[in-house]
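Below is one structure; the comments refer to it alone.
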There are 2 protein chains.
Amino acid sequence: MNPLTRKLERFACLSDDDKSILQHAASSRLRNVEPRCDIIAEGETPRHVNLILSGWACRYKQFEDGRRQIVSFLLPGDLCDLNVFLLRDMDHSIGALSPVTLAQISPEQLRQMLDGNLRLTQALWWETLVTAANYRERIVTVGRRTALERVAHLVCELFHRLSVVGLVGDRGYEMPITQTEMADALGISSVHVNRTLKELRTAELMTWKGGRITILNLPALEDVGLFNPNYLHLDQGGR
Amino acid sequence: MNPLTRKLERFACLSDDDKSILQHAASSRLRNVEPRCDIIAEGETPRHVNLILSGWACRYKQFEDGRRQIVSFLLPGDLCDLNVFLLRDMDHSIGALSPVTLAQISPEQLRQMLDGNLRLTQALWWETLVTAANYRERIVTVGRRTALERVAHLVCELFHRLSVVGLVGDRGYEMPITQTEMADALGISSVHVNRTLKELRTAELMTWKGGRITILNLPALEDVGLFNPNYLHLDQGGR
DNA sequence: CGGTTGATTGATGGTTGTCAATAAGCGTGG
DNA sequence: CCACGCTTATTGACAACCATCAATCAACCG
């Protein structure tokens, strides 16, 4: 099953028909993007909604002096905002972190999908609202959490989000990014990310080796990161 | 004219009919909230969409140890997310900063407003997308801007946002919050906000006195804050 | 005119950034 | 299989920015 369907089922009770519509969308106009390449850059005009099928991407903004902030990670099953075409230009860039496969959904196709389908419309509204909730939590992270809390919180968040789309196994998940990229997401330096990871390793809470995160003690890690999964809104049991 | 209509006209060409619908919504079920009182608290279940008519509010999250992060400021004309009722519980709180008047729009009322009205639906989608863009910019602010840049950027953002709803006059605007609240929004301490304001005052870029911001040199202040208004998407001229 | 809240300033310390050097990992090609 | 070169990770030394604590001052208010 494609990761978007998997994710939406967490919220809505989808019919076979809904699923086949989603499956159709997920197989349209595939595109592969190499790591470190932009999927779309700030200032460009988006022509379709991108759906991540595999690999990791990120939204980011960069200053002229080189400082960069990763605003969010885009994981399999994530959509780049519905209706982006209502805004003329991109105010940020989206770049691939690992090799990425994505489906490009056209505005017309999206309109057809949603027209008269309340369940799917609501499911995608839910997706949008959860994305906003994620932004809010990230603001809290970079605004008020310490470096240790930031790293722990992010690792927990990714664990839960990847879990929904079936990408968690053996107490961990593939982490196809660099420490520098994690630093850009957390608003700290890569050197400090490194030191912080060492601290979490020493405390036997988690490891990150060979591109894979392993969580040794999830409850303790969540405590350290002041992590409360409520903002992911995953507990609605197909309501 | 109510501030929501004013704001949406920035994006959409509204008919008289649209405007009267909005006016009707803006006059329904008014509620007054005192400063420092929650409009809705984390964990509660929202029953309607709140529209700020006057005064300032904010979304925020607070840790048990007292640390608080203000996620966004809610100004006149701002809506608390459409369709919040799709998410069961609030994952954050909304509190009044100054005396606030708001209209409480019920889900049914909203549905009636939007049903079959593509222009209004799109206008409110635009509102949602701009809110998300605001979140992203705030992540950049707390993640990668220095204290000086943060303060300058926020003052510029508020200037532009308040300008849209007609609350800017004589090179400035009313600022009904404390330095501590600004600190909680910017992820720094109130003491440091104070020192930073002094620096901006000394540089003759702005003043904040008697609850009012005055901008002495907007271009220079925007430069200091690395402020680029593109994320506010205000340049669509009623497209 | 007290009393409370918020603003302002100084002193000090801590978390994190920067710089720089070394080690480790990884893909390519000899 | 190893050598090479590149990227990334790791570690130490030092500096800077910002937090914290605490005291004073100003503003507001009944």
Is there a donor-acceptor pair closer than 3.5 Å between any side-chain N or O of A:R59 and the backbone N or O of A:S72?
no
Take nucleotides 22-30 of chain D nucleotide by nucleotide from the 5' end and write B, S or -, depending on whether a protein heavy atom sits under 4.0 Å from the base, only from the sugar-phosphate, or from neither.
---------
Find the distance B:L186:CG to D:dC17:C1' and express it as a whole number of Å.
15 Å
So, are B:R88 and A:D235 salt-bridged, with charged N and O less than 4.0 Å apart?
yes
Could you tell me whether A:R67 contacts a base, only the sugar-phosphate backbone, or nothing, with contacts defined as non-hydrogen atoms closer than 4.0 Å?
nothing
Okay, side chain of A:T101, backbone of A:S54: is any donor-acceptor separation there less than 3.5 Å?
no
In whole Å, I'd like the distance from the CE atom of A:M182 to the P atom of D:dA9.
10 Å
Any side-chain to backbone donor/acceptor pair from A:K7 onto A:G77? Under 3.5 Å, distance only.
yes
Which atom pairs, one a donor and one an acceptor, fall under 3.5 Å between side chains of residues 187-194 of chain A and the rest of the protein, sequence neighbours left out?
from, atom 1, to, atom 2, distance (Å)
A:S189, OG, A:H192, N, 3.2
A:N194, ND2, A:Q179, OE1, 2.9

salt_bridge(B:R195, B:E199) N-O dist < 4.0 Å
no
Using whole Å, report how far NE2 of B:H192 lies from P of D:dC21.
17 Å
Stretch residues 136-156 of chain B: residues that reach within less than 4.0 Å of DNA chain D through a heavy atom:
B:T146, B:A147
When the C1' atoms of the five terminal pairs at each end define the local axes, what inter-axis angle does the helix from C:dC1-D:dG30 to C:dG30-D:dC1 show, to 10 degrees?
40°
Which pairs pass ring pair (Phe, Tyr, Trp, His ring centres under 6.0 Å) with one or both residues in residues 130-187 of chain A, sequence neighbours excluded?
A:H153-A:F227, A:H153-A:Y231, A:H160-A:F227
Are OP1 or OP2 of D:dA9 and a side-chain N or O of A:N194 less than 4.0 angstrom apart?
no
For atom CZ of B:R47, is the number of surrounding heavy atoms from other residues, nucleotides or ligands below 6.0 Å larger than 12?
no
Across the strands shown, which category fits A:S189 at heavy-atom distances under 4.0 angstrom: base, sugar-phosphate, nothing?
base
For B:Q179 and A:I188, find the nucleotide of DNA chain C closest to each by heavy atoms; which residue's nucleotide sits nearer the 5' end?
B:Q179
Under the 3.5 angstrom rule, does the side chain of B:R201 hit a backbone N or O of B:T207 as a donor-acceptor pair?
no
Can you tell me if B:R150 uses its side chain to pair, donor with acceptor, with the backbone of B:V142 under 3.5 Å?
yes
I'd like to know if A:R144 and A:E149 make a salt bridge, using a cut-off of under 4.0 Å between side-chain N and carboxylate O.
no
Would the distance check show the side chain of B:R31 and the main-chain N or O of B:I39 forming a donor-acceptor pair, the cut-off being under 3.5 Å?
yes
Correct closest heavy-atom pair for A:D91 and B:H233 would be OD2-NE2, 2.7 Å
Please list, in 5' to 3' order, the outermost nucleotides of DNA chain C lying under 4.0 Å from any heavy atom of chain A.
C:dT16 to C:dC19
Closest heavy-atom pair, A:R138 versus A:I70, reported as atoms and distance to 0.1 Å, is CD-O, 4.2 Å
When we call it a touch if two heavy atoms are under 4.0 Å apart, what does A:G211 touch: a base, just sugar-phosphate, or nothing?
nothing
Residue A:R195, side-chain atoms from C-beta onward, closest of D:dA9, D:dA19, D:dG12:
D:dG12
